[in-house]
Amino acid sequence: MKELVAQLLDHAIRTLIEEGVLDRGIKNTIQVERTKDKTHGDFASNLALVLAKQARSNPRELAQKIVAALPASSSVKRTEIAGPGFINFFLNESSIHQVVSDILSLGNDFGKSRQGAGQKIQLEFVSANPTGPLHVGHGRGAAYGATYANLLEAIGYCVDREYYVNDAGRQMDILATSVWLRYLELCGETLAFPSNGYKGDYIVDYAKTLFAASGSQFRHDTQAVFAHIAADEPEGGDKEQHIDALIQRCKTLLGEHNYELVFQTGLKGILNDIKEDLAEFGVSYQHWFSERSLTTPENLVNRAVKKLEDAGYIEERDGALWFLSTRFGDDKDRVVIRENGQATYFASDIAYHLNKFERGYDQIINIWGADHHGYIARVKAALTAMGLDAEKLTIRLVQFVSLYRGNEQVQMSTRSGSFITLRELRNEVGDDAARFFYITRRCEQPMDFDLELATSQSKDNPVYYIQYAHARICSVARKAAEQNTPWNREQGLAAMSTLKEESEIRLMSLLASYPEVLLNAGLQGEPHLLTNYLRDLASEFHTWYNAHKTLVEDADLRNARLSLSIAVKQVLYNALHLLGVSAPESM
RNA sequence: GCGCCCGUAGCUCAACUGGAUAGAGCAACGGCCUUCUAAGCCGUAGGUUACAGGUUCGAGUCCUGUCGGGCGUGCCA
């Protein structure tokens, strides 16, 4: 309908150009908006305001000329010029009613579009290091990313969801060593656990798994493990040096094969936990991409560095290899290969993005925690340096979640093990409320999550309000069947003109705007537009429900109202489904 | 210091990316169940959009500066 109005305006402009009223070279980007205020009609355009300057005319006069040149349409009842020169369009009733019939025939597909035309988008999100369970910050990225992907699919894009598994690097060695030390404790050794190790209880669980599978075959006595190891922080030493020395000792005592076995016990344990957690949260992926796979069998990291080198953007300084990212606007140059010959995390990232680009996506979207924003400039610099189009890559930052219990902020740190996990949050507030709550705010807005408030069950969770509207409609439909006057769709659609109440017209108009809201939310990657819409729709429905009885004597009116109700139910369902929230039939 | 994200009602947030009188939900107050689910509805109250300039028909939105908050600024991941 919005397109129709735009077409009418476009036609009018062309007529005016032919008549010589407007210059041939005039730039006309036609904007049509749904009005906030129904006294302004159903749609409004600012076209005359935008063109007034180019046409050297005052906006209201120009608006009059445009209106005069508008072709007749069976959908438009009348037009009006208002305010500084807005053109308001009032639709006639039959075109307002039409949406109910459209929704009923399209069903689950109502609202979807082909805007994306099958373009391939890769969406990478969460990608938390597999060194511990997901916490509430990851939960926000998960809810946001999963919903964003759903929205893109709904508007015609082909989406690959991917999780980048950081299964290489020092943090993983710390994890493996932590598991081994806990395992030694289970074997009966007494030791001082390193202050920089992973202290969470889950580490002990994986140590138990290892002990159950392998007995004490990896046991070494404490003296041998800690002999000549640099002192830990509490003893006045450096905790980093202490843990690095322990890692080396662990590798030496276990040997390559056994070390890998301990390493895999920890990695698989955590990864399975993460996968299960996300699956239960309704978050699924097409690919789990291993960082280790970048180096074996083919070393893509070396190839990426070579590409940069061939392009002339690598320089050796102090024994390390530097990527000259300042040539592309970065603040400083960055090391890719360290003095000790090891690739940096950044080098892996370059290789990973090279790989993404080689897979032939039309667009690549990364959802990162806000703490990674310093990486945007350097990653884009690397892509440009390799001759790739960095514009294809969009990085969306998700700001942190601060947890509160009442007025007290909950401190979180992965290393110390004192954090709230996503699983704990899900168990406390439920998956529906968690999914919904996470995306009600723009992702670049920091979020305060008050557990006491969210766990207070009923009122404060907006999701119930919307689900309740859905359940109410189901209840009415059940009631209609019980009293032997089940919904008659044909009769209802034929009698739409009996729906004359103001709230009924508003409701239909709101239903008609759903495809536009979905399109906007998807293109802009802002799911909160959809949660706002759902609240509005539920509110408009509840208002109508309270004011006007659906199951009335008059069969025409009853079926028309039932048809409208079922259409509302369908749209509630469609939107909730995209958000990963259930639509209960009764509550 | 520099870079990024922000600053809107007492609180938590919107505002269709520059449109008409800045809107919701909590919290407060007053009404509505013999009636299809009261997890609901109706009404009242709440604002110099941090501040100062600028751009134009028109600014919460864009540009500059100031103030305030969060995050980042490793040969860590």
Side-chain angles (χ1 to χ4, degrees), chain A residues 31 33-37 39-40 44 46 48-50 52-53 58-60 82-86 88 129 131 166 168-172 174 240 291 317-322 331-332 334-340 342-346 348-349 369-377 397 399-400 402 440-448 450 453 457-465 467-469 471-480 482-483 513 516-517 519-521 524 526 528-529 531-533 535-536 538-539 541-552 558 561-562 565 586-587:
Chain A
Q31 292 177 47
E33 292 189 331
R34 264 176 203 281
T35 54
K36 289 179 205 162
D37 183 345
T39 63
H40 296 146
N46 59 358
L49 293 162
V50 176
K53 198 168 196 179
N58 103 34
R60 286 195 69 107
F86 289 101
N88 295 335
N129 288 349
T131 52
N166 290 112
R170 179 166 170 266
Q171 294 303 322
M172 293 306 297
I174 296 178
E240 304 290 349
E291 182 183 356
R317 279 181 226 157
D318 309 323
L321 294 184
W322 296 69
D331 295 337
K332 50 189 284 194
R334 310 287 174 179
V335 172
V336 284
I337 305 292
R338 282 176 242 170
E339 200 178 353
N340 65 12
Q342 286 211 313
T344 59
Y345 171 83
F346 176 47
S348 292
D349 239 12
D371 55 334
H372 282 66
H373 75 248
Y375 279 78
I376 298 175
L397 297 176
Q399 294 289 327
F400 283 147
S402 305
T440 50
R441 281 145 186 75
R442 292 205 338 267
C443 66
E444 49 276 287
Q445 191 80 242
M447 187 163 108
D448 289 337
D450 186 336
L453 208 72
Q457 275 289 323
S458 56
K459 282 182 287 204
D460 302 318
N461 284 320
V463 66
Y464 290 126
Y465 181 78
Q467 290 179 320
Y468 184 55
R472 252 185 167 177
I473 297 170
C474 293
S475 171
V476 173
R478 277 195 301 271
K479 193 84 177 181
E482 275 168 26
Q483 62 184 36
S513 71
E516 294 152 27
V517 174
L519 185 63
N520 266 331
Q524 293 165 35
E526 296 190 339
H528 74 278
L529 295 175
T531 61
N532 289 346
Y533 173 82
R535 200 201 297 261
D536 287 347
S539 167
F541 170 75
H542 286 310
T543 297
W544 176 57
Y545 177 92
N546 272 279
H548 306 288
K549 193 167 172 164
T550 305
L551 302 180
V552 292
R558 182 180 65 243
R561 285 187 172 160
L562 274 170
S565 298
S586 65
M587 288 173 76

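Being a predicted model, the structure only gives us computed values, none of them experimental.
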Mind telling me whether B/C63 is syn or anti, cutoff 90° either side of 0?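 Base orientation relative to the sugar is anti.
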Can you tell me whether the base of B/U44 sits syn or anti, using the 90° cut around 0 to define syn? anti
Whole-Å distance between [N] [atom2] and [X] [atom1]?
| X | N | atom1 | atom2 | value |
| --- | --- | --- | --- | --- |
| A/Asp37 | B/U21 | CG | P | 10 Å |
| A/Leu529 | B/C13 | CG | P | 16 Å |
| A/Arg535 | B/C13 | CZ | C1' | 8 Å |
| A/Met172 | B/C76 | CE | P | 18 Å |
| A/His528 | B/A14 | NE2 | C1' | 7 Å |
| A/Arg441 | B/A14 | CZ | C1' | 10 Å |
| A/Tyr468 | B/C36 | OH | C1' | 11 Å |
| A/Tyr545 | B/A38 | OH | C1' | 10 Å |

Touch check for [X], heavy atoms < 4.0 angstrom, all strands: base, sugar-phosphate only, or nothing?
| X | result |
| --- | --- |
| A/Thr550 | base |
| A/Ala477 | nothing |
| A/Glu482 | nothing |
| A/Ala480 | nothing |
| A/Asn88 | base |
| A/Ala471 | base |
| A/Lys479 | sugar-phosphate |
| A/Ser348 | nothing |
| A/Arg442 | sugar-phosphate |

If we require ring centres under 5.5 Å and near-parallel planes under 30°, does A/His40 stack on B/A20?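 Base of B/A20: stacked against A/His40.
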Has A/Phe86 got its ring stacked on B/A20, by the test of a centre gap below 5.5 Å and a plane angle below 30°? yes
Who is the Watson-Crick or G-U wobble partner of [N], with both distances under 3.5 Å?
| N | value |
| --- | --- |
| B/G7 | B/C67 |
| B/U44 | B/A28 |
| B/C33 | none |
| B/U73 | B/G1 |
| B/U55 | none |
| B/G18 | none |
| B/U49 | none |

Write out a two-atom table: protein N or O, nucleotide N or O from nucleotides 69-75 of chain B, distance below 3.5 Å.
from	atom 1	to	atom 2	distance (Å)
B/G74	OP2	A/Lys332	NZ	3.4
B/C75	O2	A/Glu339	N	3.0
B/C75	N4	A/Asp318	O	3.4

Can you tell me, in whole Å, how much space there is between the [atom1] of [N] and that of [M]?
| N | M | atom1 | answer |
| --- | --- | --- | --- |
| B/C33 | B/G40 | C1' | 10 Å |
| B/A24 | B/C62 | P | 24 Å |
| B/G72 | B/A59 | C1' | 31 Å |
| B/G25 | B/G46 | C1' | 14 Å |
| B/G43 | B/G18 | P | 33 Å |
| B/C71 | B/G30 | P | 42 Å |
| B/A22 | B/U48 | C1' | 13 Å |
| B/C51 | B/U12 | C1' | 24 Å |

[X] side-chain N/O to [Y] backbone N/O, donor-acceptor pair under 3.5 Å:
| X | Y | value |
| --- | --- | --- |
| A/Arg561 | A/Lys549 | yes |
| A/His542 | A/Tyr468 | no |
| A/Thr344 | A/Val335 | yes |
| A/Arg60 | A/Ala48 | no |
| A/Asp318 | A/Ala320 | no |
| A/Arg338 | A/Val336 | no |
| A/Arg558 | A/Leu551 | no |
| A/Ser539 | A/Arg535 | no |

[X] side chain N/O closer than 4.0 Å to the phosphate oxygens (OP1, OP2) of [N]?
| X | N | value |
| --- | --- | --- |
| A/Tyr465 | B/C41 | yes |
| A/Gln31 | B/U17 | no |
| A/His542 | B/A39 | no |
| A/Tyr464 | B/A39 | no |
| A/Thr440 | B/U12 | no |

Name the closest nucleotide to the [X] side chain, picking from [options].
| X | options | answer |
| --- | --- | --- |
| A/Asn520 | B/G7, B/C42, B/C16 | B/C16 |
| A/Leu397 | B/C4, B/C76, B/G7 | B/C4 |
| A/Lys36 | B/G25, B/A20, B/U35 | B/A20 |

When you match A/Gln524 and A/Arg478 each to their closest nucleotide on RNA chain B, which lands nearer the 5' end? A/Gln524
Here's a test of your reading of the structure: between A/Leu551 and A/Phe346, which maps to the more 5' nucleotide of RNA chain B? A/Leu551
Are any of the side-chain heavy atoms of A/Gln399 and A/Met447 separated by less than 4.5 Å? no
Audit row: A/Ser348, A/Glu291, side chain to side chain donor-acceptor pair (under 3.5 Å) steps and yes/no: CA-CA 7 Å; A/Ser348 292; A/Glu291 182 183 356; 3.0 Å; yes
Under 3.5 Å, is there any donor-acceptor pair linking the side chain of A/Asp536 to the base of B/A14? no
Is there a side-chain contact (heavy atoms from CB on, under 4.5 Å) between A/Tyr545 and A/Ile473 once you walk through the steps? CA-CA 9 Å; A/Tyr545 177 92; A/Ile473 297 170; over 6 Å; no
Residues two or more places apart in sequence or in another chain: which of them pass side-chain contact (heavy atoms from CB on, under 4.5 Å) with A/His373?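 Result, side-chain contact (heavy atoms from CB on, under 4.5 Å) vs A/His373: A/Ile376, A/Leu397.
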